[in-house]
Amino acid sequence: MEQHFFDFMCGYVRIRISGEACGRFLNLCAYHGIRLWGLIPMDGACETYVSKRDFFRLKTFVRKSHTRIRIAGRYGFPFFIHKYRSRWACACGAIAAAVFMAWLSAHIWNISIEGNLSQTDDVIFEYLENEGVSHGMWKNQVDTQKLSEQIRMYFTQFSWVSADLKGTRLIIYVREGTLSALTEDDATESAGGIAAAKAGTVVSIYVRKGRASVAVGDEVEAGDMLVSGQIPVYSDDGTVISWQSVNADADILLRTETDYYEELAFKTTLKDYTGRERVYYLLRFGGYSFALPGGFRKTFDLFDLTGEITQLQLSENFYLPVYFYKYTAKEYESLQYSYTEEQARQILESHLSDYMENLTEKGVQIFQNNVTIDVFENVAVARGSLITDECAVVRAEDTAASQDMQEEEPSG
């Protein structure tokens, strides 16, 4: 493969050899180290390939062997350039395009987050922006392992984070709450323990790796160590002789209390959509935006504007800094509306139901609902708390546990 590329860059020709002493000509070439390849015998002649550089050395061998050679074809980069020498602009454009594509492939043009439920993507993007990770940065400036650790430490509800560079994409995979489904790669990380993410009561605990620091029924505060990554090694007489560090792994459920509050005013302003709408398109390349035909112009006095963004990509993981925006303006009229007490109760109950359903989708079990709805003169209020069973745990350094264990070791 390398030889073929070298031949292409230096150029080569296909020659037809004719005469009564073709064999002698080939022997002379072999003796003087001239490489011939793709030899094909023909009626009274033969054809073969030879490099452009060696072709000019064949004149002496042709004279000695009383043969004749004729060029049957020219191949390679030098002949390509010569053929299109009058079209230098095309050649320069092709080279510039290749350089531009190489420059594009060295940057990050798409950042995506997969597995996130509790945090909106905008919150994570804002954190990445503050850490200097943004669209358009060089890929070699991103330390994926360090970035994964920083995100996991900042967002305590994430039990596992992994960052991966694919093409011009930075993909951040996150897993919330459940530590039992960690991958093999995560198990190879430095030893550590499992701590409580919020205050609560231990409902159940099943330890796969590590040493349990709490038992069922214990009250814990946020940050308390639940499973230690330090395992004692005992001698035959039952004394601790050393400590083995592991990456703790366990299934833990905590019973926690979450406050809930929402209020709804009886008198409100509603939007009555008329059904009329207009669509606008925008093209953005890098930091420059261009309005496509139709442009933005004022159409309605009151309207909602929604948008869809499509990023241009050459392949699954090769994104370009080119975006197409589609904006839709929907006209509406403002209406003053007053809820009845019954309607206000139904709306608040519906919002509470949606909130509880969202928790259930995240694997949180609703143990008790202590939310009540009170009606006052101008407002209805839903307030109280939800008692839930959830895997509210995070990874934590086991420094405190290590110190306690060192104190437990027998002296002398």
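Side chains are part of it too, since the values below use all heavy atoms of this structure and drop only hydrogens, waters and symmetry mates.
- Put simply, the side chain of Glu361 never gets that close to the backbone of Asn358: no donor and acceptor are under 3.5 Å apart.
- Ring orientation note: the planes of Trp138 and His107 are tilted relative to one another, at an angle of 30° to 60°.
- For the pair Lys52 and Tyr75, the cation-pi criterion (under 6.0 Å, within 45° of the ring axis) is not fulfilled.
- Using a cut-off of 4.0 Å between Lys/Arg side-chain N and Asp/Glu carboxylate O, Arg35 and Asp7 are scored as salt-bridged.
- In this structure, CG on Leu282 lies 5.0 Å from OG on Ser289, to the nearest 0.5 angstrom.
- Interatomic distance, CD of Glu131 versus CG of Leu147, reported as 8.0 Å (0.5 Å rounding).
- Considering Leu170, Val123, Ile151 in turn, Ile151 is the only one that fulfils the side chain to side chain contact (heavy atoms under 4.5 Å, CB included) rule with Leu128.
- The backbone N or O of Gln346 sits nowhere less than 3.5 Å from a side-chain atom of Ser350 that would complete a donor-acceptor pair.
- For the atom pair CD (Glu263) and CZ (Phe376), the distance works out to 10.0 Å, reported to the nearest 0.5 Å.
- With Thr48 contributing its side chain and Trp37 its backbone, the two residues share a donor-acceptor pair below 3.5 Å.
- Using the six-membered ring where Trp is involved, Tyr49 and Tyr12 have ring planes that are perpendicular, over 60° apart on the 30 and 60° scheme.
- Taking the six-membered ring for Trp and the full ring otherwise, the centers of Tyr127 and Tyr154 sit less than 6.0 Å from each other.
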Item to complete: Please step through side-chain contact (heavy atoms from CB on, under 4.5 Å) for the pair Val214 and Met225, ending with a clear verdict.
Response: CA-CA 8 Å; Val214 295; Met225 189 65 64; over 6 Å; no
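- Cation-pi geometry between Arg276 and Phe300 is not satisfied (NZ or CZ under 6.0 Å from the ring centre, within 45° of the ring normal).
- Note: Tyr281 and Phe324 fail the aromatic proximity criterion, with ring centroids not under 6.0 Å apart.
- Judged purely by atom type and a 3.5 angstrom limit, Lys139 has no side-chain atom pairing as donor or acceptor with the backbone of Lys166.
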Discussion item. side-chain contact (heavy atoms from CB on, under 4.5 Å) for Phe61 and Cys29? Distances and angles first, verdict last.
Written reply: CA-CA 7 Å; Phe61 309 143; Cys29 291; 4.1 Å; yes
Worksheet item: Should Asn110 and Gln311 be marked as a side-chain contact (heavy atoms from CB on, under 4.5 Å) after you check the CA-CA gap, both sets of side-chain angles, and the distance that decides it?
Response: CA-CA 9 Å; Asn110 179 269; Gln311 187 173 3; 3.0 Å; yes
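- Rounded to the nearest 0.5 Å, atoms NZ (Lys330) and OH (Tyr273) are 7.0 Å apart.
- Two residues are said to be in side-chain contact when any heavy atoms from C-beta on lie closer than 4.5 Å; Glu47 and Ile15 fail this criterion.
- Using a cutoff of 4.0 Å between basic side-chain nitrogens and carboxylate oxygens, Lys271 and Glu333 are not scored as salt-bridged.
- Heavy atoms from other residues, nucleotides or ligands lying under 6.0 Å from CD of Gln141 number more than 12.
- For the pair Trp243 (side chain) and Val233 (backbone), a donor-acceptor distance under 3.5 Å is absent.
- Using a 4.0 Å cut-off between charged side-chain N and carboxylate O, Arg208 and Asp251 make a salt bridge.
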Fill in: Pair Ile69-Arg16, side-chain contact (heavy atoms from CB on, under 4.5 Å): steps then yes or no
CA-CA 5 Å; Ile69 62 173; Arg16 178 188 292 268; over 6 Å; no
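- Atom SG in Cys391 sits 6.5 Å away from atom CD1 in Ile252 (nearest 0.5 Å).
- Contact of the Asn369 side chain with the Met356 side chain is registered, since non-hydrogen atoms from C-beta on lie closer than 4.5 Å.
- Residues Trp160 and Tyr173 keep their aromatic ring centres 6.0 Å or farther apart.
- When ring centroids are compared, Phe6 and Phe8 stay outside the 6.0 Å threshold.
- Heavy atoms from other residues, nucleotides or ligands lying under 6.0 Å from CZ of Arg74 number 12 at most.
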Practice prompt. Assess whether salt bridge (Lys or Arg N to Asp or Glu O under 4.0 Å) is satisfied between Lys198 and Glu390, documenting all intermediate values.
Written response: CA-CA 10 Å; Lys198 58 173 68 173; Glu390 57 181 308; 3.3 Å; yes
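- Distance check: Leu305 CG to Tyr327 OH gives 7.0 Å after rounding to the nearest 0.5 Å.
- For Arg284 and Tyr323, the positive end sits near the middle of the six-membered ring, less than 6.0 Å away and at most 45° from its axis.
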